[in-house]
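Single-structure report; data block below.
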Amino acid sequence: MHKSTVSGKAKNTVKQLKPRRHSGIWAGSVAKAMRTMIAAQRSLNAQNPVVISQRARRISTNRNWVNALEIERNPAWVAPQAGESYVWGRNDPNGPAAVVARRFTIRDNIERASLFLSVDNFAIVLINGRPVVIDNPQGNVSFFNPGRTFNIRRFLRRGTNDIVIAAFNFPSNANRSGDNPAGVLARIEIELED
């Protein structure tokens, strides 16, 4: 889509603006993912939250997350633990981006909390609306697939918590396929105070 704008006061001519790539990612893909993130945040209101009341608890991506479709693991990716899976967006299973979300409730004070994230190719993660991870777009098929762990204690609170993950394939306008796989695995581990 082209937009028209007036270029220069004296000439009063019309100039065509073409869609631009920003930092290796299509602005349209980001805009679509952001709209999906907002929709996922709204969908959390209909979800029964996981209640964390025992001393240690793990919450991992699976079909119970909002908009999550369990997918087959690429052999190059880190193996999931029992009860967790790689996921992609149920609303667009072969699309270039996916947004998944989960609500959970913490009943007591938090001692420790971590997020393990493995994504092909890159992601944005929000917890309670605050950015935890904002990856730079990457051109490597196995970018970060061994996974990374983040300390997320300061992002969590006693009571209701939300996590929203927007994952992107590379290139950002390429659909997920056998030749260009994409998936995300997340694991939140929480330890409560005695």
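A quick note: this is a predicted structure, and the numbers were derived from the prediction, not measured. Hydrogens, waters and symmetry mates play no part in the numbers below; they use all other heavy atoms, side chains included.
- Across Ala182 and Arg176, no two heavy atoms sit closer than the pair O-CD, 3.0 Å.
- At most 12 heavy atoms of other shown residues, nucleotides or ligands fall within 6.0 angstrom of atom CZ in Arg154.
- Taking 4.5 Å as the limit, some side-chain heavy atom of Gln81 sits within range of a side-chain heavy atom of Arg58.
- Nearest approach of Ala174 to Asn180, heavy atoms of both residues: CB-ND2, 3.5 Å.
- In this structure, CD1 on Ile59 lies 12.5 Å from CZ on Arg103, to the nearest 0.5 angstrom.
- Looking at Asn121 and Phe168, their side chains never come closer than 4.5 Å, going by heavy atoms from C-beta outward.
- Inter-residue side-chain proximity for Glu84 and Arg187 is flagged as met; some heavy-atom pair is nearer than 4.5 Å.
- Exactly one of Val125, Ile110, Asn128, Ile127 qualifies for a side chain to side chain contact (heavy atoms under 4.5 Å, CB included) with Ile152. That residue is Ile127.
- Here the side chains of Phe116 and Val78 are in contact, with some heavy-atom distance below 4.5 Å.
- Ile165 CD1 to Leu115 CG: the interatomic distance, rounded to the nearest 0.5 Å, is 6.5 Å.
- When all heavy atoms of Ser85 and Leu185 are compared, the pair lying nearest together is O-CD1, 3.5 Å.
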- [ ] Output, in order, the C-alpha distance, side-chain angles, deciding distance and verdict of side chain to side chain contact (heavy atoms under 4.5 Å, CB included) for Leu192 and Ile106.
- [x] CA-CA 9 Å; Leu192 302 177; Ile106 299 175; 3.6 Å; yes
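- Using a 4.5 Å heavy-atom cutoff, the side chains of Ser114 and Asn151 are not in contact.
- A salt bridge links Glu70 with Arg63: at least one charged nitrogen is closer than 4.0 Å to a carboxylate oxygen.
- In terms of modelled atom types and a separation under 3.5 Å, the side chain of Thr61 and the main chain of Ala186 share a donor-acceptor contact.
- Minimum interatomic distance between Pro80 and Arg73 (heavy atoms only, all atoms of both residues): CD-CD, 3.4 Å.
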TODO: For the pair Asn91 and Asn67, evaluate side-chain hydrogen bond (donor to acceptor under 3.5 Å, both in side chains) and give the outcome as yes or no after the intermediate values.
DONE: CA-CA 6 Å; Asn91 66 328; Asn67 193 42; 3.0 Å; yes
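- Cluster membership check: Val87 does not share its hydrophobic cluster with Leu69, using side-chain heavy-atom separations under 4.5 Å among Ile, Leu, Val, Met, Phe, Trp and Tyr.
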Task: side chain to side chain contact (heavy atoms under 4.5 Å, CB included) assessment of Val133 paired with Arg148 - done: CA-CA 10 Å; Val133 177; Arg148 303 162 287 166; 4.2 Å; yes
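- Put simply, the side chain of Arg153 gets close to the backbone of Glu111: a donor and an acceptor are under 3.5 Å apart.
- Ring geometry, Trp77 versus Tyr86: the interplanar angle falls from 30° to 60°, so the pair is classed tilted.
- With a 4.5 Å cut-off on side-chain heavy atoms, Leu126 and Val132 do not count as touching.
- More than 12 heavy atoms of other residues, nucleotides or ligands lie within 6.0 Å of CD in Glu193, so this atom counts as buried by the packing criterion.
- Test Val100, Ile71, Asp120 against Trp88 for side chain to side chain contact (heavy atoms under 4.5 Å, CB included) and you get one pass: Ile71.
- The main-chain N or O of Thr160 is found under 3.5 Å from a side-chain atom of Arg157 such that the two form a donor-acceptor pair.
- The main-chain N or O of Ala123 is found under 3.5 Å from a side-chain atom of Asp135 such that the two form a donor-acceptor pair.
- Of all heavy-atom pairs spanning Pro96 and Asn175, the tightest one is CD-OD1, 3.2 Å.
- Between Asn74 and Pro181, the closest heavy-atom pair is ND2-CG, 3.1 Å.
- The side-chain heavy atoms of Ile163 and Trp65, taken from C-beta on, include a pair separated by under 4.5 Å.
- At a threshold of 4.5 Å between non-hydrogen side-chain atoms, the residues Leu156 and Ile190 count as touching.
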